[in-house]
2 protein chains.
Amino acid sequence: MTERAETGADSEPSLANDTETRRSADSSERAYHTIRKLLVEFKLKPGERINEVQLSRSLGVSRTPIREALNRLASEGFVSLTPNRGFFIRSLSTEGLLDLYELRSIIECAAFRLMCERAEDSEIDRLRQYWEAIVDGYRDQPPDIILAEDEGFHMLIAQLSGNPEIVGQLASINARIRFIRRIQIEHPSHDKAQITSHSAIVDAAVRRDAENGAKLLREHIEMTVSATQQALKDALLKVFAPDNGAELKRRGRTRDA
Amino acid sequence: MTERAETGADSEPSLANDTETRRSADSSERAYHTIRKLLVEFKLKPGERINEVQLSRSLGVSRTPIREALNRLASEGFVSLTPNRGFFIRSLSTEGLLDLYELRSIIECAAFRLMCERAEDSEIDRLRQYWEAIVDGYRDQPPDIILAEDEGFHMLIAQLSGNPEIVGQLASINARIRFIRRIQIEHPSHDKAQITSHSAIVDAAVRRDAENGAKLLREHIEMTVSATQQALKDALLKVFAPDNGAELKRRGRTRDA
DNA sequence: GAACGCAATAGTGTCGACACTTTCTTGACG
DNA sequence: CGTCAAGAAAGTGTCGACACTATTGCGTTC
């Protein structure tokens, strides 16, 4: 689940992202991942209009797979489509972000409760092991790894809920807030509070203390939300500062991943 | 079925939309709605493979808009896509259905709580009015109307939560279980329990009793789930019985069990 | 007679082209 | 000078065609 291979490795997207629908490494699929990455990394800026021809040149494929990818991204809320004007990058306003985090919190807390009810002991133990295996070196990892590990932790809880719809839904939400999470991780406000939170959550899981665990989880998410808000402001400043983006708008192809 | 587009691509009155991203009445959009309707009405049977060429002939457009629609439907969980074999109609097994209902219950209960916290008095009153306006003739309406009214009731709660992500998510879930709901409405097991449930939920909303209302809502949904399971079995029997369906595949062979 | 392989067919994935719509440019008019 | 309109340019929406993959059907071999 945890989507590795998103950073540099271009050839193997793998990953069943929101449903368990498998896709191969055809152009359409690659386009999907590449564009999503561009969005997540702010290479394509919020509010901007997407030029299909330019994109298709950049990626070296025709417009057909580009449009298929964009349609998919539209269903997932990354971009929006206005009839005869094309796709626009959805600007994630602060309030929109809060809404997403709120939904995430709802779903994760419910997942935790279900996990406490249903999961086997061995599964709960897998959660414990997962966290213990990474907790030591957690802070020393590069941001991408921290991000993946953090996301993996939360996704594992979702999986242990036993409800694949929850897994899919959470995966979709995570994809949309991933760039924010990453920004937050790199921001100075990111500290070890995360670590203690996760450990406490694992403890609650082991004790099958649904009530407490859900509460911890909710607080954990709320905490990161407030930390994230400042990080978001800083990030937006950075993104719209001169000299940063604008590499995709050049006539020539942008070499990418 | 509802409409056919012949050679003349004239301006046609469009079709009702249901989610956030607005689209116009282009082929792609029409294809989306038409195919979704086919799915919802079991005209295309679960598990079946979708033949793009056949479909495009049926709808009188080329494969491109068909594929765009199918991609969208895939993101939403209606169909699945396997790499070089095409789109398949997702068979909603009983357990898959339970998962969906569970997710729905989670989200709706949360929405109710948020509504109790945040909604204006006037908004809560709108919910009350909505229900009171339809409760009298509720049982005498044709199934489609009952379905719409019921769905509208639940969607209104989602809207009053003030979180558009919740609204969108619930709308997507509703679309996927709509055909089941409809079947259940037509089934003898559908009775006035629905009505009393809804009324009690409205009462709780007016009192802003989040805890009680969420509980009622959960029980309400759980109740319909169990009622639905039997209805689903009956419906599947009906669908796979001879002489029904099979109008879209005129010259094909029907070779399944 | 059954398993295997090979040819023929059906079907998806992608492409380039074109029609139609929106946006930009330019020049006339007040 | 600013406004507006007509034409040009850019861009999306859809189409038909073709390459490549999966599947089916047929003939061969054991």
Side-chain angles (χ1 to χ4, degrees), chain A residues 11 13 21-35 44 47-75 79-89 248-251 253, chain B residues 3-12 14-15 21-35 44 47-75 79-89 248-256:
Chain A
S11 50
T21 302
R22 287 282 184 283
R23 293 182 187 230
S24 75
D26 40 7
S27 304
S28 186
E29 177 72 357
R30 259 179 325 205
Y32 170 79
H33 285 283
T34 310
I35 297 171
L44 295 172
E48 229 173 44
R49 181 176 177 175
I50 292 180
N51 187 324
E52 298 174 9
V53 178
Q54 234 173 71
L55 245 188
S56 72
R57 284 211 196 106
S58 292
L59 307 193
V61 295
S62 91
R63 277 174 55 224
T64 309
I66 298 286
R67 283 182 64 85
E68 293 206 350
L70 287 173
N71 268 291
R72 226 174 125 191
L73 289 165
S75 295
V79 301
S80 66
L81 171 57
T82 36
N84 273 312
R85 309 190 359 123
F87 293 89
F88 290 80
I89 297 159
L248 202 83
K249 324 181 65 167
R250 292 185 41 86
R251 277 294 300 275
R253 64 164 75 243
Chain B
E3 58 205 335
R4 9 198 19 164
E6 272 295 329
T7 47
D10 302 356
S11 55
E12 276 299 314
S14 72
L15 187 47
T21 307
R22 286 285 179 276
R23 296 183 186 225
S24 77
D26 39 10
S27 306
S28 185
E29 176 71 356
R30 258 177 321 188
Y32 170 80
H33 284 284
T34 310
I35 297 171
L44 295 172
E48 229 173 46
R49 180 176 179 176
I50 293 180
N51 187 325
E52 299 174 9
V53 178
Q54 236 173 72
L55 243 188
S56 71
R57 282 208 197 109
S58 293
L59 306 192
V61 295
S62 90
R63 277 175 56 223
T64 308
I66 298 286
R67 282 182 65 85
E68 294 206 351
L70 287 173
N71 268 290
R72 226 174 124 192
L73 289 166
S75 294
V79 302
S80 66
L81 170 58
T82 39
N84 274 311
R85 309 191 357 115
F87 294 88
F88 290 79
I89 297 160
L248 200 81
K249 43 191 318 190
R250 278 200 309 187
R251 92 173 163 68
R253 55 280 147 111
T254 319
R255 189 168 55 80
D256 51 12

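Numbers restart at 1 for each chain; the letters A, B, ... are given by sequence-line order, proteins then strands.
Going from atom CG of A:Leu70 over to atom CD of A:Glu52 covers 6.5 Å, rounded to the nearest 0.5 Å. Rounding to the nearest 0.5 angstrom, the gap separating the CG atom in B:Leu59 from the CD1 atom in B:Ile66 is 4.5 Å. Here the straight-line distance linking atom CD of A:Glu48 with atom CD1 of A:Ile50 works out to 8.5 Å at 0.5 Å rounding. A:Ile89 CD1 to A:Leu44 CG: the interatomic distance, rounded to the nearest 0.5 Å, is 4.5 Å. B:Glu29 contributes atom CD, which lies 5.0 Å from atom CZ of B:Arg72 (distance to the nearest 0.5 angstrom). Note that CZ of A:Arg67 and OG of A:Ser28 are 12.0 Å apart. Values are rounded to the nearest 0.5 Å.
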Requested in this report: Treat a base pair as Watson-Crick or G-U wobble with both distances under 3.5 Å, then lay out DNA chain C in dot-bracket form, 5' to 3', with | for cross-strand pairs.
Outcome: ||||||||||||||||||||||||||||||

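The side chain of A:Val61 lies closest to C:dC15, out of C:dC15, D:dT12, C:dT12. The side chain of B:Arg63 lies closest to C:dT12, out of D:dG13, D:dT14, C:dT12. Checked against D:dT14, C:dG13, C:dC15, the side chain of B:Glu52 finds its nearest nucleotide in C:dG13. The side chain of B:Arg49 has C:dT12 as its nearest neighbour among C:dT12, D:dT14, C:dT21. The side chain of B:Ser27 approaches D:dT14 more closely than any other nucleotide in the set C:dC15, D:dT14, C:dT12. Candidate nucleotides D:dT14, C:dT12, C:dT14 were compared by shortest atom distance to the side chain of A:Asp26, and C:dT14 ranks first.
Atom-to-atom, CZ of A:Arg57 to P of D:dT12 comes out at 11 Å; the value is rounded to the nearest Å. Atom CG of A:Asn51 is separated from atom C1' of D:dT12 by 10 Å (rounded to the nearest Å). With rounding to whole Å, B:Leu55 atom CG is found 14 Å from D:dC15 atom P. Counting to the nearest Å, the C1' atom of C:dT12 and the CG atom of B:Asn84 are 7 Å from each other. Between B:Asn71 atom CG and D:dG13 atom C1' the separation is 16 Å, expressed in whole Å. A:Ile66 has its CD1 atom 18 Å from the P atom of D:dT14, to the nearest Å. Regarding B:Arg67, its CZ atom lies at a distance of 7 Å from the P atom of C:dT14, rounded to whole Å. For the pair B:Leu81 CG and C:dT12 P, the interatomic distance rounds to 10 Å; values are reported in whole Å.
Minimum interatomic distance between A:Ser75 and B:Ser75 (heavy atoms only, all atoms of both residues): CB-CB, 3.4 Å.
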At a cut-off of 3.5 Å, list every protein nitrogen or oxygen paired with a nitrogen or oxygen from nucleotides 5-8 of chain C, distance to 0.1 Å.
none

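Ranked by how close their nearest DNA chain C nucleotide is to the 5' end, B:Ile50 and B:Thr64 are led by B:Ile50.
The only member of A:Leu81, A:Thr82, A:Leu55 that meets side chain to side chain contact (heavy atoms under 4.5 Å, CB included) when paired with A:Phe87 is A:Leu81.
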